[in-house]
2 protein chains.
Amino acid sequence: MTAHIGNHRQMLGSRGPCLTAVLRMAGLRPTRQRLALADLLYGGGHRHVSAEALHAEATTDGVTVSLATVYNTLRQFKDAGLLREVTVDAARTYFDTNTSDHHHFFIEDEDRVVDIPTNDIEISGLPDAPKGMKITHVDVVVRVKSLS
Amino acid sequence: MTAHIGNHRQMLGSRGPCLTAVLRMAGLRPTRQRLALADLLYGGGHRHVSAEALHAEATTDGVTVSLATVYNTLRQFKDAGLLREVTVDAARTYFDTNTSDHHHFFIEDEDRVVDIPTNDIEISGLPDAPKGMKITHVDVVVRVKSLS
DNA sequence: ATGCCTGCAAAATATTTGCATGTAA
DNA sequence: TTACATGCAAATATTTTGCAGGCAT
């Protein structure tokens, strides 16, 4: 059950043996690669990464991991509720380490995703889901570009 | 200037020589392929299509057009302001013939985009764009799935 | 005639998968 | 030991591009 795991996301903020526990709880073996990636993802504040970017970072850090494993790991983390997928650009998939409800800026010039720093966004006038459907998530993406 | 062209989008609702005029106004030669695609896109009500789907439709209708040309045409139409790109699914790009301000349902089970049928959505508490940036567009995507 | 279009195939990108090898339990 | 993970390369999928020939003006 991902809800239970989600409650332990806070543990991810710190380094160390803690990551091992979280991975276990998610049903994922704490392998060298997964631990290294989790450390990159959760070692600091919240982040938005693409598979390509995370792989480059790991490589720079001297962590040996294949791009395919990065993709697989990101998907596993997402399925476990440890990451959230953000769809802003058709060409690339971004993952957000912040799984709580919030929205995003997408900086068009830089292909970069940033959290919208307030929680004050309210959406009113949302219609009901079409018959027989339920709403799973509401995404607000504010596209911005530099003042040319 | 796309603003000017945009004012003529209404002309696209009807078939006939009108499409020729609109394409001309957009700086696009009214070729057989473009006219056929424009007719599919604007011949009825508003639609959401992917390149693949539009190509299949054209082929079924006996219109000979290559997939590459469909991609190119969709991009040209978008650049001319005749279509709007909707990013909801990382795997596929959708184009919306409705270029006015509105938002979308994304039906996850079917990979389908639907306009949200009201104009009543209001978003409050939107922060300013980051320094030196301006907001180009706000997208609201309501993801729905069937009640399992 | 001239320059923009089209189709085809090939390239470019992003992501997934099959399989042999390696490793956690 | 046994099941699950990893790495590599190849497969897939989507979209773009180069180029030779075609069509609109």
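Hydrogens, waters and symmetry mates are skipped; everything else that's a heavy atom, side chains included, is used. Note on naming: letters A, B, ... go to the chains in the order of the sequence lines (proteins, then strands), and numbering restarts at 1 for each one.
- Under the 3.5 Å distance criterion, with hydrogens and angles disregarded, a donor-acceptor pair is assigned to the side chains of D115(B) and H48(B).
- Put simply, the residue from V141(B), I121(B), V86(B) that forms a side-chain contact (heavy atoms from CB on, under 4.5 Å) with H103(B) is I121(B).
- Between Q33(A) and dG7(D), a side-chain N or O to OP1/OP2 separation shorter than 4.0 Å is present.
- Taking only side-chain nitrogens and oxygens, T69(A) never comes nearer than 4.0 Å to OP1 or OP2 of dT6(D).
- In terms of the side-chain hydrogen bond (donor to acceptor under 3.5 Å, both in side chains) criterion, residue partners of N72(A) (sequence neighbours excluded) are, by chain and number, R75(A).
- Here dT17(C) presents its P atom at 15 Å from CG of L74(A), a figure rounded to the nearest Å.
- The distance between atom CG of L54(A) and atom C1' of dA14(C), rounded to the nearest whole Å, is 15 Å.
- Between D79(B) atom CG and dC5(C) atom P the separation is 13 Å, expressed in whole Å.
- Per the geometry, NE2 belonging to H55(A) stands 9 Å off P belonging to dC8(D), to the nearest Å.
- For R47(B) and E57(B), the salt-bridge test passes: some basic side-chain N is under 4.0 Å from an acidic carboxylate O.
- Across the protein-nucleic acid pair, E85(A) atom CD and dA14(C) atom C1' stand 13 Å apart, rounded to whole Å.
- We find that D128(A) and K134(A) are not joined by a salt bridge, their nearest charged nitrogen and carboxylate oxygen being 4.0 Å or further apart.
- Taking the six-membered ring wherever Trp is involved, the centroid distance between the rings of H104(B) and H102(B) falls below 6.0 Å.
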Checklist entry - How would nucleotides 15-25 of chain D be written as a contact map, 5' to 3', with B for base contact, S for sugar-phosphate-only contact and - for no contact, using protein heavy atoms under 4.0 Å? => result BBB------BS
